[in-house]
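None of these values were measured; they are calculated from a predicted model. To find a chain, count down the sequence lines: A is the first, B the second, and so on, and within it residues start at 1.
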There are 2 protein chains.
Amino acid sequence: MNIGQAARASGISAKMIRHYEATGLIPKVARSLSGYRHYGERDIHTLRFIRRARAAGFNTAQIKKLLSLWQDRQRPAREVKQLASEHLAELKARIIELELIAQALTQLVDHCHGDERQECPILDNLARED
Amino acid sequence: MNIGQAARASGISAKMIRHYEATGLIPKVARSLSGYRHYGERDIHTLRFIRRARAAGFNTAQIKKLLSLWQDRQRPAREVKQLASEHLAELKARIIELELIAQALTQLVDHCHGDERQECPILDNLARED
DNA sequence: GCTTGACCTTCCAACGATGGTAAGGTCCAA
DNA sequence: TTGGACCTTACCATCGTTGGAAGGTCAAGC
């Protein structure tokens, strides 16, 4: 499998596959005589793992840990759970932060009549003098 | 007022004030003979406006529009409301996206016993074969 | 054999917002 | 005059991803 096929099979762009290799998230794969990268089923499996972890919001460093935990048969579930829990806590904190912003903004938007007049609570609030 | 004082008064770092000037978000301010930037009350007011807009999650392009709407006495509230509504819609979409991720992750974390055993639904899910 | 087009390679740059650091000039008070 | 706080510009880094440029490879069709 060339990198294009691996990209289609894994859902990760060829660009990113090269990037993951360059940054050490995945090992360097075998090459053909002309330098083309070759991928096997195991590589695709790993790439899919990465795609799902990214979709779950894990960053590269976390994915690196997840990968090594995945490949370590001896790992205790505890470690994985802790990593995921930390990520989940960050996610929840982020959600709350965004919700607070959205709440305040909703308030302002609701109070803005939004017609041709010039008075606007949204701008007034951003420009307030306190 | 020098840039340091302006930074303290506005809550925006000197670094970012220079950056905003370089990228055209704020106009170039007057300089002393030796090249020091000088800020007046109006400038501080503008910087505070920007800080609040950033805190509300608006990006630079949106803030640029907000600033020009703020400075245009003739602007209809409609335009401001539309801009804010679009941003709010993006915020809400983002929140939902994160909530879906958090929900799925919570599910997995809850089902992982997290002890010394090796079986782990979290890794199993990321590595699933479908 | 040659052309064409799809594919691959590496390298370099950009996004957006912010932080850091380095090398140097300025201001003010002791 | 010296020291320290402040300012200047310029460059590099982050994070994940995308884009482009310049060039090599492969396979099919003529």
Side-chain angles (χ1 to χ4, degrees), chain A residues 1-26 28-40 43-44 47-67 86-87 90-91 94 97-98 101, chain B residues 1-26 28-40 43-44 46-67 87 90-91 94 97-98 101:
Chain A
M1 258 178 160
N2 286 338
I3 199 170
Q5 299 167 287
R8 262 163 271 143
S10 67
I12 297 183
S13 72
K15 208 88 184 174
M16 287 310 297
I17 296 177
R18 289 193 198 98
H19 177 67
Y20 288 152
E21 180 185 302
T23 55
L25 182 63
I26 55 178
K28 296 187 179 179
V29 293
R31 304 274 191 134
S32 70
L33 284 178
S34 54
Y36 283 23
R37 289 172 179 81
H38 281 177
Y39 297 87
D43 300 313
I44 304 301
L47 288 171
R48 291 212 186 107
F49 183 101
I50 292 173
R51 179 175 53 76
R52 292 204 189 91
R54 288 282 321 131
F58 289 99
N59 65 30
T60 313
Q62 293 170 322
I63 295 178
K64 202 160 187 171
K65 278 191 200 165
L66 283 174
L67 279 175
E86 283 167 13
H87 173 47
E90 284 170 21
L91 264 181
R94 187 99 167 289
E97 198 182 338
L98 292 182
I101 294 176
Chain B
M1 260 179 158
N2 285 337
I3 199 169
Q5 299 168 287
R8 263 163 271 142
S10 67
I12 296 183
S13 72
K15 204 89 187 174
M16 287 310 297
I17 296 177
R18 290 193 197 96
H19 178 67
Y20 288 153
E21 181 186 301
T23 55
L25 182 62
I26 55 178
K28 294 186 179 179
V29 294
R31 304 274 191 130
S32 70
L33 284 178
S34 54
Y36 282 24
R37 290 173 178 81
H38 280 176
Y39 298 87
D43 300 314
I44 304 302
T46 301
L47 288 171
R48 290 212 186 107
F49 182 101
I50 292 173
R51 179 176 53 76
R52 292 204 189 91
R54 286 285 318 133
F58 289 98
N59 64 29
T60 314
Q62 293 170 320
I63 295 178
K64 202 159 190 172
K65 277 189 200 166
L66 283 174
L67 279 174
H87 172 47
E90 284 170 21
L91 265 182
R94 188 102 162 287
E97 198 181 338
L98 293 182
I101 294 176

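Every residue two or more places apart in sequence or in another chain that forms a salt bridge (Lys or Arg N to Asp or Glu O under 4.0 Å) with Glu21(B) is listed here: Arg31(B), Arg37(B). With sequence neighbours left out, Tyr39(A) forms a ring-ring contact (aromatic ring centres under 6.0 Å, His included) with no residue at all. In terms of the salt bridge (Lys or Arg N to Asp or Glu O under 4.0 Å) criterion, Arg54(A) has no residue partners (sequence neighbours excluded). Residues that satisfy the salt bridge (Lys or Arg N to Asp or Glu O under 4.0 Å) test with Arg48(A), not counting sequence neighbours, are absent from this structure. Under the side chain to side chain donor-acceptor pair (under 3.5 Å) criterion, Ser32(B) pairs with Ser34(B), not counting sequence neighbours. In terms of the ring-ring contact (aromatic ring centres under 6.0 Å, His included) criterion, Tyr36(B) has no residue partners (sequence neighbours excluded).
Atom CG of Leu25(A) is separated from atom CE of Met16(A) by 9.0 Å, given to the nearest 0.5 angstrom. Put simply, CD1 on Ile17(A) and CZ on Arg51(A) are 11.0 Å apart, with the number rounded to the nearest 0.5 Å. Between the CD atom of Gln5(A) and the CD1 atom of Ile44(A) there is a distance of 9.0 Å, given to the nearest 0.5 Å. Here the OH atom belonging to Tyr20(B) is positioned 6.0 Å from the OG1 atom belonging to Thr60(B), to the nearest 0.5 angstrom. Of the inter-residue distances, the one linking Ile26(B) atom CD1 with Ile12(B) atom CD1 reads 7.5 Å to the nearest 0.5 angstrom. In this structure, the separation between CG on Leu66(A) and CD on Gln62(A) is 7.5 Å, given to the nearest 0.5 Å.
The bend of the helix from dG1(C)-dC30(D) to dA30(C)-dT1(D), defined by the angle between the axes of its first five and last five pairs, stands at 30° to the nearest 10°.
Scanning residues 50-65 of chain A for heavy-atom distances under 4.0 Å to DNA chain C yields an empty list. Against DNA chain C, the stretch residues 31-39 of chain A makes heavy-atom approaches under 4.0 Å through Arg31(A), Gly35(A), Tyr36(A), Arg37(A).
Within the structure, the salt bridge (charged side-chain N to carboxylate O under 4.0 Å, His left out) test picks out no pair touching residues 5-19 of chain A (sequence neighbours left out).
Each of Lys15(B) and Asn2(A) has a nearest nucleotide on DNA chain C; the 5'-most of these lies closest to Asn2(A). In terms of position on DNA chain D, the residue among Glu21(B) and Arg8(B) whose nearest nucleotide sits closer to the 5' end is Arg8(B).
Around atom CZ of Arg94(B), no more than 12 heavy atoms belonging to other residues, nucleotides or ligands sit under 6.0 Å away.
Put simply, chain B comes within 4.0 Å of DNA chain D, heavy atom to any atom, from dC6(D) to dA10(D), going 5' to 3'. When DNA chain C is scanned 5' to 3' for any atom under 4.0 Å from a heavy atom of chain A, the first and last hits are dC7(C) to dT10(C).
No side-chain heavy atom of Asp43(A) sits less than 4.5 Å from a side-chain heavy atom of Ser10(A).
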